[in-house]
Amino acid sequence: MTASTLLLKNAHLLCTMDTSTAPLDRGAEIVNGGVFVRGGIIEQVGNSDDLPDHADRVIDLAGHIVIPGMVNTHHHLFQNLTRVVPAAQNAPLFGWLKTLYPIWQHLGPDHIYWSTALGLAELALSGCTTSSDHLYIYPNGSRLDDSLAAAQEIGMRFHGTRGSMSIGESQGGLPPDYLTESEPAILADSQRLVETHHDASRFAMTRVALAPCSPFSVSMDLMRETATMARSYGVGLHTHLAENSEDIDYSLASFGMRPGDYAEAVGWVGADVWHAHCVQLDSSEIDLFARTATGVAHCPCSNMRLASGIAPIRQMLDAGVNVGLGVDGSASNDSGHMLNEARQAMLLQRVMRGGDAMTVRETLAMATRGGAAVLGRDDIGVLAPGYAADIVAFDCRCIDFAGAAWDPLAALVFCGPVKAAYTIINGRVVVANGALETMDMQALLRNHQIMSADLMQKSGFTR
């Protein structure tokens, strides 16, 4: 059977993010650019006039800016069921969590499925082609399998992480006891999920990582045993770390060490590890992450929403730390828009360190190839032969970009943020002309609304 082909042509500007042949500047940008794809894999990239003139499907991208699909390195997709809950709107991290835990105890399999589907659709519409998700609570029969099924339906390249909480309030942890699990059960389900769902092959659409929630919700023993299991299977490790000052205080009081020392003590540094937030890392911890190739998922909007602070991203990048972007959960953002996340990442570094602290092209590199590196992938994040055909296009003829013809790529970050016109994942068109192709949007919104209302009603929430 002959592999299907796809030709994207006539792009106003195509940014490859390929630094193997050019530095990360205008040398990696092609006017009248195009991409030829065969079997979901990029075969040729260049000026449209130099590409094949026919394919099974041809998309004319005149007037569009094309970049690699963006990579979301941290999310809690179930949280989009509980956006802007009034009692949690103005609370910092620990108070915010304690407000929402009683609502989340009513989650079930259908809540997980529909919240995942909606969240991934939202990401695809913003130009995201790969997303991780940190699912750390499993009440009422919920399973990570529910998320994996929704990701397959939407067509998103997906890294599902088996989160967990085992230390409840009665043992000095933050979560209520009713949302914790026994550590043997956590480890057993982690093993089941890896053996059942993880695909280690190049261009894999589904991967599994192991992700105890945070130092304030699991034991050091679980962290160590999880690291041992993950490395025996060759899968990634993910958790929250150094998110805010309360996080630092808890670590010092409970473990007698800062978060970086804690991570090193439990074996959670290395190229197979990425930590979310890291807002409060100090210079020695940044150096530790750089030396060990430990990754960071930077979530600027959530960090602002919860008043956690401004992560020292410029310092991390200068030290050589792998940094990607994450939208975080939609109860702390409350949006899943990757360009918005990129814009805030750039602007916050300028607030902290000055107007030249971060450029547009550095920001887009974090959103694409940076996220790929954090997730341990060498097959996405770049538009070049041999990479997955994960490609997004934005129409630059809209009102948002009027007057920005001097640098259309910069407009993606400085202006807008706008929705993607096309999102292509593994060579499959998931978004076309700004509309989701893989699931009926009205049915998706209807089912999600039913799930959200059900959750709030069971929690005794009234408007």
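A quick note: this is a predicted structure, and the numbers were derived from the prediction, not measured. Keep in mind that the numbers below use all heavy atoms, side chains included, and drop hydrogens, waters and symmetry copies.
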*Exercise: do Asp199 and Ser201 side chains pair donor with acceptor under 3.5 Å*: yes

*asked:* As an exercise, state the distance from CH2 of Trp114 to CG of Asn447, rounded to the nearest 0.5 Å.
replied: 4.0 Å

*asked:* With rounding to the nearest 0.5 angstrom, report the CD to NE2 distance, Glu243 to His277.
replied: 3.5 Å

*Short side-chain donor-acceptor distance under 3.5 Å, Asn80 and Ser330*: no

*Side chains of His159 and Arg377, donor plus acceptor under 3.5 Å*: yes

*asked:* As a quick check of understanding, evaluate salt bridge (charged side-chain N to carboxylate O under 4.0 Å, His left out) for Asp145 and Arg192, giving each step before the final call.
replied: CA-CA 11 Å; Asp145 310 64; Arg192 177 191 69 82; 2.8 Å; yes

*Does the side chain of His76 pick up a donor-acceptor pair with the side chain of Asp133 at under 3.5 Å?*
no

*To the nearest 0.5 Å, how far apart are OG1 in Thr294 and NE2 in His275?*
5.5 Å

*Do Pro68 and Ile391 come within less than 4.5 Å of each other through their side chains, counting heavy atoms only?*
no

*asked:* Taking the six-membered ring for Trp, are Phe414 and Phe401 closer than 6.0 Å centroid to centroid?
replied: no

*Checking Glu285 side chain against Gly260 main chain: does a donor-acceptor pair fall under 3.5 Å?*
yes

*Strictly under 6.0 Å, is that where the ring centroids of His75 and His134 end up?*
no

*Is Ser232 reaching over with its side chain to a backbone N or O of Met229, donor-acceptor style, under 3.5 angstrom?*
yes

*Please report the closest heavy-atom contact between Ala230 and Leu237, naming both atoms and the distance.*
CB-CD2, 3.5 Å

_Whether Arg361 and Glu29 form a salt bridge (side-chain N of Lys/Arg under 4.0 Å from carboxylate O of Asp/Glu) is what I want to check._
yes

*Test item: Leu436 and Ile154 side chains (from C-beta on) under 4.5 Å apart, heavy atoms*: yes

_Min side-chain heavy-atom separation His54-Leu7 under 4.5 Å_ = no

*How long is the gap from CG on Leu325 to CZ on Arg343, to the nearest 0.5 Å?*
14.5 Å

*Between His111 and His448, is the ring centre distance below 6.0 Å?*
no

*Hey, does His238 have a side-chain heavy atom less than 4.5 Å from the side chain of Val273?*
no

*Answer yes or no: is there an ion pair linking Arg83 with Glu122, defined by an N-O contact shorter than 4.0 Å?*
yes

_Out of the candidates Asp390, Val392, Leu123, Val429, only one should pair with Thr423 under the side chain to side chain contact (heavy atoms under 4.5 Å, CB included) rule; please name it._
Val392

*How many angstroms lie between CG in Leu77 and CG in Asn72, if you round to the nearest 0.5 Å?*
8.0 Å

*Any side-chain heavy atom of Arg428 sitting closer than 4.5 Å to one from Thr438?*
yes

*Ala297 versus Thr73, closest heavy-atom pair with distance*: CB-OG1, 3.1 Å

*Do the side chain of Glu362 and the main chain of Thr359 share a donor and acceptor less than 3.5 angstrom apart?*
yes

*Compare all side-chain heavy atoms of Arg143 with those of Asp189 and state whether any distance is below 4.5 angstrom.*
no

*Looking only at side chains, do Asn333 and Glu341 share a donor and an acceptor under 3.5 Å apart?*
yes

*Write down the atom of Ala88, the atom of Trp96, and the distance for their closest heavy-atom approach.*
O-CD1, 3.4 Å

*Kindly say whether the aromatic ring centers of His298 and His74 come within a distance under 6.0 Å.*
no

*So, the side chain of Arg162 versus the backbone of Val208: is there a donor-acceptor pair under 3.5 Å, distance only?*
no

*Using a distance-only test with no angle check, is there a side-chain donor-acceptor pair under 3.5 angstrom linking Asp328 and Ser332?*
yes

*Please assess Glu225 against Arg231 for the test salt bridge (charged side-chain N to carboxylate O under 4.0 Å, His left out), listing each intermediate value before the final yes or no.*
CA-CA 10 Å; Glu225 290 183 49; Arg231 287 174 177 136; over 6 Å; no

*Rounded to the nearest 0.5 Å, how far does CD1 of Ile380 lie from OG1 of Thr130?*
3.5 Å

*In terms of heavy-atom contacts, does CD of Gln152 have more than 12 from other residues, nucleotides or ligands at under 6.0 Å?*
no

_Between Phe78 and Tyr136, is the ring-ring contact (aromatic ring centres under 6.0 Å, His included) condition met? List the steps._
CA-CA 10 Å; Phe78 71 89; Tyr136 55 83; 5.7 Å; yes

*asked:* Between Tyr387 and Asp18, is there a side-chain donor-acceptor contact under 3.5 Å, judged purely by atom types and distance?
replied: no

*asked:* Keeping Ser164 on the side-chain end and Ile186 on the backbone end, is there a donor-acceptor pair under 3.5 Å?
replied: no

*Would you tell me whether Arg369 and Thr19 have side-chain atoms, one donor and one acceptor, within less than 3.5 Å of each other?*
yes

_Contact check, side chains of Phe36 and Val45, non-hydrogen atoms, under 4.5 Å_ = no

*Derivation of the salt bridge (charged side-chain N to carboxylate O under 4.0 Å, His left out) call for Arg291 and Asp287*: CA-CA 6 Å; Arg291 289 196 315 272; Asp287 290 343; 5.6 Å; no

*Just do the salt bridge (charged side-chain N to carboxylate O under 4.0 Å, His left out) check on Asp49 and Lys9 with the steps written out, would you?*
CA-CA 9 Å; Asp49 296 337; Lys9 65 178 185 178; over 6 Å; no

*If you look at every heavy atom in Gly309 and Val279, which pair is closest and at what distance?*
C-CG1, 3.6 Å

*Please tell me if the side chains of Leu13 and Ile30 come closer than 4.5 Å, counting only heavy atoms from C-beta onward.*
no

*Determine the minimum heavy-atom distance between Met304 and Gln344, stating which atoms define it.*
CE-OE1, 3.5 Å

*asked:* Quick check: closest heavy atoms across Ala331 and Thr82, and the distance to 0.1 Å?
replied: CB-O, 3.5 Å

